[in-house]
Structure formats: structure tokens, C-alpha cells
Asks: 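Quick one: this structure, given as C-alpha cells, is what I'll be asking you about.
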2 protein chains.
Amino acid sequence: MMGEDKFDISPEWVDGETKALEAPGDHRAELRLWLRLLTCSTLVESEVRRRLREEFDSTLPRFDLMAQLERAPDGMVLGEVSKRMMVSPGNITVLVERLTESGHISRTTLPTDRRVQIIALTPFGRAEFEKMAARHADWISDLFAGLAAKDGGVLMDELAKLKRSIIAALARNT
Amino acid sequence: MMGEDKFDISPEWVDGETKALEAPGDHRAELRLWLRLLTCSTLVESEVRRRLREEFDSTLPRFDLMAQLERAPDGMVLGEVSKRMMVSPGNITVLVERLTESGHISRTTLPTDRRVQIIALTPFGRAEFEKMAARHADWISDLFAGLAAKDGGVLMDELAKLKRSIIAALARNT
DNA sequence: CGGAGAAATTTCAAGCTTAAAATTGTTTTC
DNA sequence: GAAAACAATTTTAAGCTTGAAATTTCTCCG
């Protein structure tokens, strides 16, 4: 999966014509595309993790959780956090435990439904998050700096199409 | 990080003009792009993991390791595998242990340098990998099926540019 | 030759992640 | 108003991942 050579540049996407000539079940173009996507995403992600650890002694999951809470001044239900972060509920449990211990978030049981836990950033947590978010934005900006404005727009649009394709495929195989 | 709403579609990339008018340090466009990239990659990755588990009772790291070995009929040194997979050496140690136990790979100490471990697919491992690889290609093909041939090509090129940008940034901050 | 230093790998401690089972609490249905 | 169904969360067991420290083995310089 991670085998894309770091500096190879650009195989051609097969067009309709070529496709007709291929052996049945030839998915090389899609595989290459997936590999390249994964490589980009892994490179950025590792760098972000490394810097969060070095500069803030923190981790990506913690940052992500706080990022969710930042937009919800009144707090958020655990299940909602889990859905938005696309991780399992059990995972959230652990993260919340640590972030509560460290004073970054608070946790309350909803009085009207005692199954429901609501978490929110504490003032301290919010302040910390803001520092991290500012640095995070700088890192990303720097990593993407070599991309012309035009390319950023194109990439954004193409990724939107890809996302629709993926979601459609996931929906097909219910 | 994973907070991109599943169905939002397309904010515009800021162009040069707009950029001049922005507050210093506004990195919203890059952040959105990164978020979208990460979403796509996470969606695909989770689906692949799920299916590897369901259909083969296997995992993505194991699949990746075997994929590296498939192209190296004479085997590969552990350190080389670690570099290609972009994971830590200690990680490889564990994976190799399990794949050896299960008979998928063999491991030899190089006689001329007893520090060096060489691993290779066993015939059984190769057969298993081929089954998995074929299915894997089908899954990816299906997930990317909604993308027109033209878009595939464009995306491939834009991701190549992005990759160069990332690698350049990483090199800058040695 | 003999040690200093380098290289390859392993070990360790800590944290993340998941699916599945178990808990706890609420709602719905007869 | 109980039992069944459903919901939110936690627990559990297993595996992945990392960085740093430790080990083993080689290489090279004097």
C-alpha cells in the first residue's frame, strides 16, 4: 500500500479507448491513483503527528477531538463526536478519559437522559487548542505551499468527485 | 481533522487576488483541501481494512508487507521493507513474527552478515497474496468507479504536484 | 589485533484502534 | 406496568504503531 516510490512522477490514466483493449479486470490505473493518494495523505499525517508531539506533547486524535469541540460551544454528545471523527465509540471513551484528566475537556451527564454524556472544551482546553490550531494551519500551509492556486482549486474539485464516487460505492454495497 | 461534513461539496480555492486581501496567516483553503484529502483516504482505507478482515481474516499492514515482498522474488532485507512501507523498524519486527508463524513468509539470516534478516513470501504466502490482491483491486476499482477517465488523469497529475510540494516542504525543514 | 563507532534489528512502554460483548438506562408495546 | 426492544456508552481482547533504549554484529582505524 505504501509502496509508491517516493519520487516517481506520472503514469497516464487509461482513457476509454485503451480500456477496451485491456485484459478484463485490469485495475492498474485506479490502484496507482489510490497509492498516490495514500502516499500524500500519509506523508502529511506523519508530519503533523510528529510536530504535535514535538511542539505540544500531544497527538493527532486528541487534536481532532478538540477540533470537533471547538465548533460546539455548548458541548457535544459522545456519539456525535464518534460519528464526526469516524472512529469507534470505544475509542472516544479512552480519549475522553485522558483529555478530562489533563483538564482540556469537561464531561457532564445529561440530567434528562442519564445514558448521555456531554463533553466540552474547558477554557484551558480552548486556549491550548487555539495555540495548536494556529501552528497546525501553518504546517499544512507550508506543506501545500508548492501547489499553485489554480492546482489547489482543481484538486479540491477532483477530490469532491472522488468523494462522491466513494460514498456512492459504499452505499451500493450496503 | 476528520470533521469534513460528509456531503459538503466545493468551496473555492483562493486565487492570487483574493489572497492579497486576506488577513495574514489565513490558511483556510489549504486546510479544507487537506481535510478533503484525508476524508477520501480514510474512507477508502477503512473499507479496505474491513474487507480484508471479513473476506480474509487479515489486516492492511499484513497485506502491505506481502505486497512489498511480491515484487522481490529473492526476498528483502527488513530495513528495506521498513523504509518502503514508511513505518518504524520495530513495527516490522512484530508483523514479520506473525506472518512467519502463519506460514506466509520465510525468514533467513544472511550468512555473510548476521545482523541482516531477509524475508520472502513462501509459495503459500504468494498464493494467498494473489487472491487478496485480486480482490483488493476490485474493491478499489469499485470505489473509484464514479470517477470519469478524464478526472482520474487530472487527479493523478494534481496529486503528483502535491506530492512534490510536500516532499519539498519536508526537505526544507530538515 | 582491539576497541570505537556504526548498522540492523529487537525490546519496551505507552498510546491508538477496532469489533464484539456487556452495561446501563430509556422507550415502546401489549 | 412489565417485558421486550432499543440506545448510549464502556469494557475487553487483540493488534498496530511509535520513539527511544538496548542488543548484537560488523567495520574500520590505529
Side-chain angles (χ1 to χ4, degrees), chain A residues 1-2 41-43 45-66 75-102 104-105 107-119, chain B residues 1-2 41-43 45-66 75-102 104-105 107-119:
Chain A
M1 216 56 138
M2 299 304 326
S41 144
T42 302
L43 287 172
E45 210 177 311
S46 318
E47 181 66 4
V48 170
R49 284 181 197 279
R50 193 177 66 72
R51 286 173 177 255
L52 278 176
R53 182 171 38 73
E54 286 186 359
E55 291 191 23
F56 298 100
D57 193 25
S58 189
T59 68
L60 191 48
R62 288 178 211 201
F63 177 77
D64 287 348
L65 178 45
M66 290 195 277
M76 204 181 269
V77 173
L78 286 199
E80 179 64 17
V81 177
S82 156
K83 265 179 223 146
R84 293 209 196 215
M85 290 179 69
M86 304 195 233
V87 301
S88 67
N91 202 331
I92 299 296
T93 298
V94 183
L95 282 174
V96 166
E97 262 164 30
R98 318 237 185 206
L99 282 169
T100 304
E101 277 167 27
S102 62
H104 290 85
I105 68 177
R107 128 193 251 160
T108 330
T109 300
L110 190 67
T112 56
D113 186 340
R114 290 189 339 252
R115 290 170 305 182
V116 177
Q117 302 282 320
I118 293 172
I119 56 178
Chain B
M1 217 55 135
M2 300 304 325
S41 147
T42 303
L43 287 171
E45 209 176 313
S46 318
E47 181 67 4
V48 169
R49 283 181 199 279
R50 194 177 66 71
R51 287 174 178 255
L52 279 175
R53 182 173 38 73
E54 284 186 1
E55 290 190 26
F56 298 100
D57 192 26
S58 189
T59 68
L60 192 48
R62 288 178 212 202
F63 177 77
D64 287 347
L65 178 44
M66 289 195 278
M76 203 181 270
V77 173
L78 287 199
E80 179 64 17
V81 177
S82 157
K83 265 179 224 148
R84 292 208 197 216
M85 290 178 69
M86 302 196 234
V87 300
S88 67
N91 201 332
I92 299 296
T93 298
V94 183
L95 282 173
V96 166
E97 261 165 30
R98 318 238 184 207
L99 283 168
T100 304
E101 277 167 26
S102 63
H104 289 87
I105 68 176
R107 129 192 250 158
T108 329
T109 299
L110 191 67
T112 55
D113 185 341
R114 289 185 344 247
R115 290 171 306 180
V116 177
Q117 302 282 319
I118 292 171
I119 55 178

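Fair warning: this is a prediction, and the values are worked out from it, not measured in the lab. Just so it is clear: chains get the letters A, B, ... in the order the sequence lines come, proteins before strands, and each one is counted from 1.
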Asks: Side-chain N or O of A:S82 less than 4.0 angstrom from OP1 or OP2 on D:dT9?
Replies: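 Checking A:S82 against D:dT9: no side-chain N or O falls below 4.0 Å of OP1 or OP2.
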Asks: Name the nucleic acid region contacted by A:G79, choosing base, sugar-phosphate or nothing; use a 4.0 angstrom heavy-atom cut-off, strictly under.
Replies: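 Answer is sugar-phosphate: A:G79 comes under 4.0 Å of backbone atoms only.
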Asks: From the options C:dC16, C:dA8, C:dT11, select the nucleotide whose nearest atom is closest to the side chain of A:R62.
Replies: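 Of the candidates, C:dC16 comes closest.
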Asks: Let me know, please, whether A:P111 or A:T59 comes out on the 5' side of the other along DNA chain C by nearest nucleotide.
Replies: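 Whichever sits nearer the 5' end wins; that is A:T59.
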Asks: Would you indicate, yes or no, if C:dG15 has its OP1 or OP2 atom less than 4.0 angstrom from a side-chain nitrogen or oxygen of A:R53?
Replies: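 So the side chain of A:R53 is outside the cut-off, no N or O lying under 4.0 Å from OP1 or OP2 of C:dG15.
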Asks: What's the CD-C1' distance between A:E47 and D:dG19, to the nearest Å?
Replies: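 Checked: the CD to C1' distance equals 15 Å.
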Asks: Less than 4.0 angstrom between a side-chain N/O of A:N91 and OP1 or OP2 of C:dT18, yes or no?
Replies: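 For A:N91, the contact criterion (side-chain N or O under 4.0 Å from OP1 or OP2 of C:dT18) is met.
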Asks: Using the closest heavy atom to pick a nucleotide of DNA chain C for each, name whichever of A:I92 or B:I92 lands nearer the 5' end.
Replies: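 By nearest-heavy-atom nucleotide position, the 5'-most residue is B:I92.
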Asks: Given atom CG of B:L60 and atom P of D:dT17, what is their separation to the nearest angstrom?
Replies: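 Nearest whole value for this atom pair: 8 Å.
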Asks: Is the shortest side-chain N/O distance from A:R50 to OP1 or OP2 of D:dT18 below 4.0 Å?
Replies: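 No, because none of the side-chain N or O atoms of A:R50 sits under 4.0 Å from OP1 or OP2 of D:dT18.
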Asks: Give a yes/no on whether any side-chain N or O of A:R114 is located under 4.0 angstrom from OP1 or OP2 of C:dT24.
Replies: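 No, no such contact exists.
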Asks: Which nucleotide in the set D:dC16, D:dC6, D:dT25 lies at the smallest distance from any side-chain heavy atom of A:R115?
Replies: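 The listed nucleotide nearest to A:R115's side chain is D:dC6.
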Asks: What nucleotide, of C:dG15, D:dT18, C:dT9, holds the atom closest to the side chain of A:R98?
Replies: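 For the A:R98 side chain, the nearest candidate turns out to be C:dG15.
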Asks: What is the separation between atom CD on B:E54 and atom C1' on C:dA20, rounded to the nearest whole Å?
Replies: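 Rounded to the whole Å, the gap is 13 Å.
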Asks: Which part of the nucleic acid, if any, lies within reach of A:R49 when heavy atoms closer than 4.0 Å are counted: base, sugar-phosphate only, or nothing?
Replies: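 Contact class for A:R49: none.
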Asks: C:dT9 P sits how many Å from B:E80 CD, rounded?
Replies: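 Answer to the nearest Å: 10 Å.
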Asks: Is the shortest heavy-atom distance from the side chain of A:V81 to the side chain of A:V96 under 4.5 Å?
Replies: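 Not touching, per the 4.5 Å side-chain cut-off.
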Asks: Would you say a side-chain N or O of A:R107 is under 4.0 Å from OP1 or OP2 of D:dT10?
Replies: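 Answer yes for this pair, as a side-chain N or O of A:R107 is under 4.0 Å from OP1 or OP2.
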Asks: Has A:T93 got a side-chain N or O lying under 4.0 Å from the OP1 or OP2 atom of D:dT11?
Replies: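 False: A:T93 side-chain N/O out of range (4.0 Å or more) of D:dT11 OP1/OP2.
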Asks: I'd like to check A:L78 versus A:I118 (side-chain heavy atoms, cut-off strictly below 4.5 Å). Are they in contact?
Replies: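 No. Closest side-chain heavy atoms not under 4.5 Å.
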Asks: Taking NZ, NE, NH1 and NH2 as the nitrogens, is one of them in B:R51 or B:E54 under 4.0 Å from a carboxylate oxygen of the other?
Replies: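 Judged by the 4.0 Å cut-off on N to carboxylate O distance, B:R51 and B:E54 do not form a salt bridge.
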Asks: Under a 3.5 Å cutoff, is there a donor and acceptor pairing between the side chains of A:T108 and A:Q117?
Replies: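 Short answer, no.
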Asks: Among C:dT9, D:dT9, D:dC26, which nucleotide has an atom closest to any side-chain atom of B:D113?
Replies: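 Closest of the options to the side chain of B:D113: D:dC26.
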Asks: Any donor and acceptor pair, going by atom type alone, linking the side chain of B:S58 with main-chain N or O of B:L52 inside 3.5 Å?
Replies: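 Looks like no, no N/O pair under 3.5 Å.
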Asks: D:dT18 P sits how many Å from A:R51 CZ, rounded?
Replies: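 Atom CZ in A:R51 sits about 18 Å away from atom P in D:dT18.
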Asks: CG of A:L52 versus P of D:dT18: gap in Å, rounded?
Replies: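 The distance from CG of A:L52 to P of D:dT18 comes to 15 Å, rounded to the nearest Å.
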Asks: Can you tell which of C:dC16, D:dT9, C:dA7 lies closest to the side chain of A:V116?
Replies: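 Out of C:dC16, D:dT9, C:dA7, the nucleotide with an atom closest to A:V116's side chain is D:dT9.
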Asks: Between A:E47 and A:R50, does any side-chain N to carboxylate O distance fall below 4.0 Å?
Replies: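 Salt bridge: yes.
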Asks: State which of D:dT10, C:dC16, D:dG15 makes the closest approach to the side chain of A:P61.
Replies: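 From the listed options, C:dC16 comes nearest.
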Asks: Side chain of B:P89 only, heavy atoms from C-beta on: which candidate in D:dA8, D:dC16, C:dT9 is closest?
Replies: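 Ranking D:dA8, D:dC16, C:dT9 by closest atom to the B:P89 side chain puts C:dT9 first.
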Asks: Could you give the CG-to-P distance, from A:L95 to D:dT10, as a whole number of Å?
Replies: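 It works out to 12 Å between those atoms.
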Asks: Take the protein atom CD of A:Q117 and the nucleotide atom C1' of D:dA7, then report the distance between them rounded to whole Å.
Replies: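 After rounding, the reported distance stands at 13 Å.
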